[in-house]
Amino acid sequence: MMRKYPLLTALLLAVSSLLYAQNEYELNTGWKCQAIGDVHASGEKISQSGYPVNKWLDATVPGTVLTTLINNKLEPDPFFGLNNQKIPDIYTTGRDHYTYWFVKNFKEPKGQDQVWLDLRGVNYSCEVFLNGHKLNERTHYGMYLRQSYNITKALAPNGDNRLAILVYPPDPVGNPNGGQGGDGEIARNVTHQYVAGWDWIQPIRDRNTGIWDKVTIHRSGAIRIRNPHIVTEVSGIRFPDVPAAQQAPAVVRVSAELENTSADSVKGVLSYVLDGETTSADIKLPPGVTKEINLPFHIINHPRLWWPNGYGTQELYHATLTIGADSVPLDFGVRQLATVWNTTTHSSELTVNGQKIFIKGGNYIVSDELLRLSPERYDAEVRFHRDMNLNLIRVWGGALTERPEFYDACDRYGLLVFQDFWNSGDCNGRWEDPMKKEDQWTRKKYPDDHGLFIASAGDQVKLLRNHPSLAFWCGGNEITPPEDIFRALKDSIIPDLDGTRTFIDYSNSDSMSFNNFGGNGDGPYGIQDIKAFWGKRTYPFNSEIGSVGTGDYESLQRFIPADHLVAPVYHGKGKDGEATADPLWTYHKYIGYDSSVYAYGPIKDLRDFAEKAQLVNYDQYRALMEGFSAHMWEWYTGTIIWKTQNPWTALRGQMYDYYLDPNACLYGLHTGSQPLHIMYDPVTGMTMIANNTFRTVRDLMMQVQVLDMNGKTLSHSQQFFEVGPTLAKNYLPIGHQLDRLRSKEGIFLSLRLLDVNQKIVSDDLYWLPDSTGMYSGLQHMPASGLVVTANRTRQAAATTTAPARITVTLKNPAGGPVAFFNRLSLVDPATKQRLLPVFYSDNYVSVLPGESKTITLDYTPKPGVTPLVSVRGWNLEEKTYPVK
């Protein structure tokens with residue numbers, strides 16, 4: 001039902017949200033703030049409505065101090081050029097420079113309801129005052145530990161209330177000396193570690209001090225519902241192509257903590273309605289007691305199952321748990337996870353609903369380094385991962401336990417989540433490091449407050465455990481936490497508070513991926529020979545591999561000043577040599593392409609360099625995922641790319657830039673990660689089919705076509721084949737033939753799979769170099785005669801970020817060359833600047849002579865603006881086209 005009727009899905013979501021909104025609202029506008037050094041009054045006085053704050057700064061909440069200063073134009077945009085260097089660093093200024101008071105006036109009358117103030121995240125410590133009263137007896141510490149205060153008695157009689165919060169930075173703040181996490185001392189706090197700088201980001205000057213997550217007012221009756229827990233049980237082996245009406249039953253178990261805030265015993269009925277059936281339990285709670293209540297289990301006779309991306313649909317259920325005047329949403333997917341040990345690969349193997357899933361994942365840091373988080377941006381970023389045909393996102397341990405809104409998007413798009421806790425081998429002592437202030441033994445004991453870490457971890461598990469996308473908990477990045485924390489996580493927190501997911505000791509531990517190759521258990525991180533992805537066996541579930549990701553010229557223009565828009569200077573000849581980049585590029589963490597770009601010919605200027613870099617981007621990431629898929633269950637149970645995005649304007653490891661503009665890495669992955677995919681193994685010279693579905697696919701026509709640089713067909717063959725479920729298999733040996741045909745100037749290799757209706761189900765075009773490894777033929781290709789038409793269509797996808805759709809047809813006339821590597825963009829007709837974000841069904845596409853391709857573009861329209869479609873290709877001058 002949800003899959004077929006997206007408008008109905010949206011309506012059900014809106015109704016569920018409306019019911020919850022009746023007893024909860026967010027304080028996210030109208031805040032004021034001031035530095036502690038400019039305030040000479042107590043919290044009791046500041047939190048009274050008569051204290052003047054009209055001259056204070058307009059504050060961004062949720063947000064950080066630095067975000068507020070940037071929004072008030074008191075500090076420059078740290079994402080552009082070298083602006084970050086101009087912002088005072090807290091290590092130099094002292095903590096008071098970024099210690100701020102935040103004040104918010106709000107209306108909330110006294111009544112019969114209980115009223116609660118909830119803070120979902122403050123970094124790092126705080127004092128909380130309301131209407132002249134201090135709410136927290138002791139200073140609150142910890143970036144991730146939620147706060148909740150019953151403010152019923154402290155509310156003003158006239159309903160005019162003032163909240164005042166004093167927020168302190170982490171202590172210590174760490175020296176940003178260029179090391180991973182600076183000198184490492186940031187890890188003495190229970191906070192994120194990347195803020196002191198990493199090899200993909202410069203230090204964040206305030207260390208993200210602030211009220212960084214939601215502040216809400218919640219109304220309840222005498223009993224408040226807290227931390228509902230939903231567990232679904234799906235027995236046996238299921239198939240996504242079996243209709244719900246034919247699925248065997250599934251079980252739903254719901255529990256919740258109930259808190260009686262009154263001085264009397266209270267009776268009530270805890271209940272929810274699912275598919276028209278009510279599940280309930282009679283409750284009686286003594287005064288002042290919090291108790292976990294387990295409701296009777298509920299059987300769904302015909303469940304709509306939730307599947308990871310590429311395997312099936314993401315069906316979601318929406319209900320509301322109520323007791324008296326309180327209610328909370330119950331949003332969940334029906335699925336069951338399990339992890340087994342693959343004795344062939346010696347690594348973990350994930351099953352969903354009884355079916356094994358080959359993991360194609362991407363490492364994710366955080367959406368924005370300044371924690372400017374939003375459901376819309378989360379939706380866009382997770383959708384990009386869906387469009388890459390990935391099925392997992394790993395949330396890296398030096399950052400956050402990601403927000404529920406991130407998980408909501410993963411639930412919608414089918415991205416499983418591998419969630420690290422807040423440790424890293426760099427800061428927490430795995431290696432010797434001259435950049436660190438303290439030795440390994442001392443750093444291994446970080447953080448200073450183990451109890452705070454344990455309490456925060458338990459609280460975050462309760463916050464996130466109901467999301468069907470959450471698949472793994474992990475003790476940390478490349479290291480376990482201290483033994484008492486590790487034991488608490490593994491032996492009590494995860495089994496007691498969740499109990500349905502695998503806990504992995506650390507991200508590249510033997511408990512996930514047995515390392516018999518030596519080294520660290522992950523990587524490599526640079527440009528590789530394409531053949532290495534196919535022929536060099538690496539770690540059986542590689543948690544980090546990959547690196548490059550420079551955007552095109554338009555992307556670079558957004559954050560690099562004009563006088564630094566220069567291509568790296570190449571020192572060498574042919575494909576043998578090195579390049580040096582502008583120092584500003586180095587500041588933005590550029591990672592070199594070695595000689596790979598120069599195999600496409602001499603570099604004319606930066607635009608030429610960036611265009612050739614896209615060819616490398618596409619080829620590298622397509623080969624990466626194809627090479628791992630070629631050895632599924634034989635060498636590997638999965639791989640996770642390092643990394644898919646940056647929360648800052650970095651020049652490495654990204655499939656799209658900070659501004660949500662995709663580069664060719666995304667579409668190389670989109671092709672190489674297809675659930676049913678044809679591919680060419682350059683090591684064995686074989687064509688292969690990788691089938692990630694759960695059924696044998698029969699009557700597949702394999703077409704193999706070789707073309708020269710003028711578009712002439714040099715060889716063509718086709719045969720029918722079939723491929724079994726969840727495997728990769730060799731088919732046709734073509735390597736010797738290709739070596740002969742490509743020796744002079746290179747060739748195009750077109751591989752396709754067609755179903756019995758002659759519909760293309762997989763399409764892969766390779767450009768192979770000449771016998772010297774150079775792409776000499778590409779350097780003198782004839783211009784293509786590509787014909788482009790663009791039309792508005794009705795939006796077919798139910799997403800929050802892309803309500804409109806344009807369909808673009810690319811037609812390449814017969815008799816000419818391949819229309820090679822065409823980049824589509826949607827642009828503003830007045831400025832010719834790209835509209836962002838736009839979601840392309842494919843991009844950097846090539847069209848064979850006499851054929852056409854259709855691409856859809858999903859986007860959010862700007863009022864009064866009819867966009868143009870821009871197309872440019874390797875052998876096509878850029879031109880814009882009207883949308884009809």
Side-chain angles (χ1 to χ4, degrees), residues 9-10 12-21 24-29 60-64 67 118-123 143-146 192 208 210-218 227-228 230 306 309 314 316-318 320 328-333 362 364-386 392-396 399-420 459-471 644-645 647 656 658 660 798-803 837 839 860:
T9 302
L12 291 172
L13 281 167
V15 170
S16 177
S17 299
L18 179 61
L19 290 172
Y20 191 48
E24 182 163 306
Y25 59 92
E26 189 176 352
L27 302 180
N28 56 9
T29 60
T60 302
V61 176
T64 65
T67 301
D118 296 332
L119 290 85
R120 209 168 71 177
V122 175
N123 192 32
M143 180 176 187
Y144 309 106
L145 188 61
R146 293 177 291 172
H192 49 348
N208 277 341
I211 306 170
W212 67 277
D213 206 350
K214 288 185 176 183
V215 181
T216 53
I217 299 296
H218 184 94
N227 302 315
I230 307 161
W306 186 95
N309 179 43
Q314 293 75 52
L316 297 171
Y317 285 78
H318 307 283
T320 303
V328 297
L330 295 179
D331 300 326
F332 63 98
Y364 178 98
I365 307 300
V366 68
S367 182
D368 181 289
E369 72 158 23
L370 301 180
L371 303 184
R372 295 172 293 193
L373 310 176
S374 71
E376 295 78 16
R377 186 175 175 92
Y378 277 139
D379 186 277
E381 294 209 58
V382 175
R383 180 171 178 174
F384 278 143
H385 286 76
R386 189 280 304 271
L392 179 138
I393 295 175
R394 175 188 167 217
V395 181
W396 175 74
L400 307 176
T401 33
E402 261 300 352
R403 300 300 83 201
E405 294 76 18
F406 167 84
Y407 277 91
D408 288 342
C410 291
D411 293 344
R412 286 193 299 275
Y413 291 119
L415 271 298
L416 298 161
V417 182
F418 183 120
Q419 176 68 69
D420 286 11
D459 193 48
Q460 293 296 289
V461 170
K462 291 180 178 181
L463 177 66
L464 301 173
R465 63 190 175 184
N466 293 333
H467 291 276
S469 56
L470 178 56
T644 52
Q645 51 83 245
Y656 52 92
Y658 170 78
L660 303 179
T799 71
T800 60
T801 55
F839 305 96
T860 299

Next item on the list: Say whether, by atom type as modelled, one donor and one acceptor occur between the side chain of Thr60 and the main chain of Gly63 under 3.5 angstrom.
Entry: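 No; zero donor-acceptor contacts below 3.5 Å.
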Note to self: Any side-chain to backbone donor/acceptor pair from Trp306 onto Asp411? Under 3.5 Å, distance only.
What the structure shows: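 Flag set: sc Trp306 to bb Asp411 pair under 3.5 Å.
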Next item on the list: Go through the steps to decide whether Tyr144 and Asn123 satisfy the test side chain to side chain donor-acceptor pair (under 3.5 Å), and finish with yes or no.
Entry: CA-CA 8 Å; Tyr144 309 106; Asn123 192 32; over 6 Å; no
Quick check for you: to the nearest 0.5 Å, what is the distance between [X] atom [atom1] and [Y] atom [atom2]?
{"X": "Ser367", "Y": "Glu376", "atom1": "OG", "atom2": "CD", "result": "11.0 Å"}
{"X": "Leu330", "Y": "Ile230", "atom1": "CG", "atom2": "CD1", "result": "4.5 Å"}
{"X": "Leu371", "Y": "Thr64", "atom1": "CG", "atom2": "OG1", "result": "6.5 Å"}
{"X": "Gln314", "Y": "Leu415", "atom1": "CD", "atom2": "CG", "result": "8.5 Å"}
{"X": "Leu463", "Y": "Leu145", "atom1": "CG", "atom2": "CG", "result": "11.5 Å"}
{"X": "Asp408", "Y": "Asp331", "atom1": "CG", "atom2": "CG", "result": "7.0 Å"}

Note to self: Quick one, Leu373 with Trp212, criterion side chain to side chain contact (heavy atoms under 4.5 Å, CB included). Give me CA distance, side-chain angles, the key distance, then yes/no.
What the structure shows: CA-CA 9 Å; Leu373 310 176; Trp212 67 277; 4.2 Å; yes
Would you check if [X] and [Y] make a side-chain contact, meaning some heavy-atom pair closer than 4.5 Å?
{"X": "Pro62", "Y": "Asn28", "value": "yes"}
{"X": "Arg403", "Y": "Thr401", "value": "yes"}
{"X": "Glu381", "Y": "Leu660", "value": "yes"}
{"X": "Leu316", "Y": "Pro468", "value": "yes"}
{"X": "His192", "Y": "Trp396", "value": "no"}
{"X": "Phe406", "Y": "Val382", "value": "yes"}
{"X": "Leu470", "Y": "Phe418", "value": "no"}
{"X": "Tyr25", "Y": "His218", "value": "no"}

All salt bridge (Lys or Arg N to Asp or Glu O under 4.0 Å) counterparts of [X], not counting sequence neighbours:
{"X": "Arg120", "result": "Asp213, Glu405"}
{"X": "Glu369", "result": "none"}
{"X": "Asp459", "result": "Arg146"}

Check: Is a salt bridge present between Asp420 and Arg394, judged by a nitrogen-to-oxygen distance below 4.0 Å?
Finding: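 Counted as a salt bridge, because a side-chain N and a carboxylate O are separated by less than 4.0 Å.
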Next item on the list: Would you mind checking if Asp118 and Lys214 are paired as a salt bridge, meaning a charged N to carboxylate O distance below 4.0 Å?
Entry: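 No.
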Next item on the list: Among Gln460, Glu402, His467, find the one that has a side-chain contact (heavy atoms from CB on, under 4.5 Å) with Gln419.
Entry: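 Among Gln460, Glu402, His467, the one that satisfies the side-chain contact (heavy atoms from CB on, under 4.5 Å) with Gln419 is Glu402.
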Item checked: Nearest heavy-atom neighbours spanning Arg383 and Ala802 ->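 So the minimum-distance heavy-atom pair works out to NH1-CB, 3.6 Å.
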Notebook entry, point to check: Between Ile393 and Cys410, does a side chain to side chain contact (heavy atoms under 4.5 Å, CB included) hold up when you go through it step by step?
Noted result: CA-CA 9 Å; Ile393 295 175; Cys410 291; 4.2 Å; yes
Next item on the list: Determine, stepwise, if the pair Val61 / Leu27 fulfils side chain to side chain contact (heavy atoms under 4.5 Å, CB included).
Entry: CA-CA 8 Å; Val61 176; Leu27 302 180; over 6 Å; no
Notebook entry, point to check: Asn466 and Tyr407: side-chain donor and acceptor closer than 3.5 Å?
Noted result: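 Side-chain D/A pair, Asn466 to Tyr407: absent.
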Check: Among side-chain atoms of Asp368 and Tyr658, is any donor-acceptor pair under 3.5 angstrom?
Finding: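 On atom types as modelled, these side chains qualify, holding a pair under 3.5 Å.
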Note to self: I'd like to know whether Val122 forms a side chain to side chain contact (heavy atoms under 4.5 Å, CB included) with Met143, so could you lay out the CA-CA distance, the side-chain angles of the two residues, the decisive distance to 0.1 Å, and finally the verdict.
What the structure shows: CA-CA 5 Å; Val122 175; Met143 180 176 187; over 6 Å; no
Notebook entry, point to check: Relative to each other, are the rings of Tyr656 and His385 parallel, tilted or perpendicular (30° and 60° limits)?
Noted result: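 Rings of Tyr656 and His385: perpendicular, over 60°.
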Check: Using 30° and 60° as the class limits, which term best fits the ring planes of Phe839 and Phe384: parallel, tilted or perpendicular?
Finding: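 Ring orientation of Phe839 relative to Phe384: tilted.
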